[in-house]
Amino acid sequence: MKYRRDYDYYIFLDYSEDLIGYNIIKQKKIIELLPKISRFEHYKGRKNRKIYLKHINNTIKRENIKSYFEKTKITESRKNVELFTEVLEFIKKHKNCIIFLSVDDYQFKKLRKLLFLIDGENTEIKKESELKKGTPEYQVSLVIDNLLNIERRKQK
């Protein structure tokens, strides 16, 4: 599939230990969101993770980050089939839209096989590790990464 810059929606699916989640955002909302998440980084790359997550959680609440997304969901990783189904239903319902789908490397093969069952012709699927640091796609993928880590820390 050739590279496209005219995506209608972006879907970011990520996995963190025993949690899995996704965010769906319209392209138009990304431009508004980027300045608000410019300080977001990958959780694993931080030295003092607890303080970092506290600051990020405050930013998410203060800037109402979740409101930029069409849908956000986090659930237990054992419910990944249910979550995949929701993502695939969204793609199927929006079959005339061009969609960018970023998937955690661990889940990539499973979801790619399912995507082709519904004929995701207008969907470009990429592994999370293929996102280039500094790109809007990379930066927005950090939102679900941080949300998963905040949720995981709450459960402990």
Side-chain angles (χ1 to χ4, degrees), residues 1-44 56-57 59-152:
M1 183 180 294
K2 61 185 178 181
Y3 181 73
R4 306 181 82 138
R5 284 208 162 276
D6 55 346
Y7 302 114
D8 297 302
Y9 290 95
Y10 290 78
I11 302 173
F12 299 92
L13 192 132
D14 203 0
Y15 168 84
S16 179
E17 289 184 25
D18 58 341
L19 295 174
I20 188 168
Y22 70 85
N23 285 338
I24 300 173
I25 188 168
K26 281 186 176 181
Q27 181 186 39
K28 296 171 190 163
K29 293 282 187 173
I30 288 180
I31 296 164
E32 298 171 37
L33 178 64
L34 284 174
K36 298 176 186 307
I37 60 170
S38 62
R39 293 179 35 214
F40 283 29
E41 295 179 22
H42 263 290
Y43 173 76
K44 290 179 182 176
I56 292 303
N57 196 24
T59 301
I60 288 169
K61 289 176 183 171
R62 183 180 63 248
E63 300 291 343
N64 204 9
I65 299 296
K66 290 181 182 179
S67 71
Y68 288 87
F69 293 91
E70 293 285 311
K71 188 157 186 188
T72 297
K73 183 168 186 177
I74 294 175
T75 190
E76 299 163 336
S77 57
R78 63 183 175 83
K79 296 182 180 178
N80 68 350
V81 173
E82 189 179 306
L83 193 126
F84 288 174
T85 302
E86 286 181 28
V87 169
L88 294 170
E89 283 174 356
F90 180 88
I91 292 169
K92 190 174 182 180
K93 193 160 103 177
H94 295 84
K95 64 182 173 200
N96 294 326
C97 294
I98 300 167
I99 298 173
F100 176 89
L101 175 60
S102 168
V103 181
D104 183 271
D105 292 25
Y106 179 74
Q107 304 289 338
F108 181 78
K109 282 184 179 180
K110 298 172 195 170
L111 195 63
R112 187 180 65 196
K113 287 177 184 176
L114 291 172
L115 179 63
F116 288 109
L117 291 175
I118 64 157
D119 188 34
E121 188 177 302
N122 289 332
T123 303
E124 180 178 352
I125 184 169
K126 277 196 169 195
K127 289 181 183 178
E128 184 183 15
S129 64
E130 293 175 343
L131 299 178
K132 291 188 173 110
K133 196 171 184 173
T135 62
E137 292 86 1
Y138 176 84
Q139 203 61 35
V140 177
S141 77
L142 295 176
V143 175
I144 190 63
D145 179 68
N146 284 296
L147 285 171
L148 284 165
N149 286 301
I150 290 167
E151 186 63 31
R152 187 172 47 78

- Kindly compute the distance separating CD1 (Ile25) from CD (Glu32), expressed to the nearest 0.5 Å. 8.5 Å
- Message: Donor-acceptor check, side chain of Asp14 to backbone of Ile144, threshold 3.5 angstrom: yes or no?
- Response: no
- Message: In terms of relative ring orientation, are Phe12 and Tyr10 parallel, tilted or perpendicular, with 30° and 60° separating the classes?
- Response: parallel
- Query: What is the minimum heavy-atom distance between Ser16 and Leu148, and which atoms define it?
  - Reply: CB-CB, 3.9 Å
- Rounding to 0.5 Å, atoms NZ (Lys26) and CZ (Phe69) come to a distance of 14.0 Å
- Item | Flag, side chain of Asp18 to backbone of Glu76, donor-acceptor distance under 3.5 Å | no
- Task: List the atom of Ser77, the atom of Ile20, and the distance in Å for their closest heavy-atom pair.
- Result: CA-CG2, 3.7 Å
- Query: Between Lys126 and Glu137, is there a side-chain N and carboxylate O pair less than 4.0 Å apart?
  - Reply: no
- Task: Mind checking salt bridge (charged side-chain N to carboxylate O under 4.0 Å, His left out) for Arg39 and listing every partner two or more places apart, or none if nothing turns up?
- Result: none
- Message: With rounding to the nearest 0.5 angstrom, report the OG to CG distance, Ser141 to Leu131.
- Response: 5.0 Å
Would you give me the side-chain donor-acceptor pairs under 3.5 Å for residues 107-117, sequence neighbours excluded?
none

- Query: When rounded to the nearest 0.5 angstrom, what is the spacing between CD1 in Ile125 and CZ in Phe100?
  - Reply: 9.5 Å
- Query: Quick one: ring pair (Phe, Tyr, Trp, His ring centres under 6.0 Å) partners of Tyr68, sequence neighbours excluded?
  - Reply: none
- Item | Within-4.5 Å side-chain heavy-atom neighbours: Glu128 and Tyr15 | no
- Residues Val143, Thr72; criterion side chain to side chain contact (heavy atoms under 4.5 Å, CB included); working and verdict: CA-CA 10 Å; Val143 175; Thr72 297; over 6 Å; no
- Task: Report the C-alpha separation of Val103 and Leu101 in whole Å, then their side-chain angles, then the decisive distance to 0.1 Å, and conclude whether the side chain to side chain contact (heavy atoms under 4.5 Å, CB included) test is met.
- Result: CA-CA 6 Å; Val103 181; Leu101 175 60; 3.7 Å; yes
- Mark yes or no for whether Thr135, through its side chain, and Tyr138, through its backbone, hold a donor-acceptor pair below 3.5 Å. yes
- With side chains defined as the heavy atoms from C-beta onward, is the minimum distance between Leu142 and Ile56 less than 4.5 Å? no
- Message: A side-chain contact here means heavy atoms from C-beta on lying under 4.5 Å apart; do Lys79 and Lys73 qualify?
- Response: no
- Can you find a pair of side-chain heavy atoms, one from Phe90 and one from Lys71, that are under 4.5 Å apart? no
- Task: Mind checking the CG-NZ spacing from Asp8 to Lys28? Nearest 0.5 Å is all I need.
- Result: 8.5 Å
- Which atom of Asn149 lies closest to which atom of Asp145, heavy atoms considered: ND2-O, 2.8 Å
- Query: Is there a donor-acceptor contact under 3.5 Å from the side chain of Asn122 to the main chain of Asn96?
  - Reply: no
- Non-hydrogen side-chain atoms of Leu34 and Val140 separated by less than 4.5 Å: yes
- Atom pair CD (Glu63) and CG (Leu33), whose distance is rounded to the nearest 0.5 Å: 9.5 Å
- Checking Gln139 side chain against Phe40 main chain: does a donor-acceptor pair fall under 3.5 Å? yes
- Sub-4.5 Å side-chain heavy-atom contact between Leu147 and Glu151: no
- Looking only at heavy atoms, the pair that brings Leu88 and Ile118 closest together is O-CD1, 3.4 Å
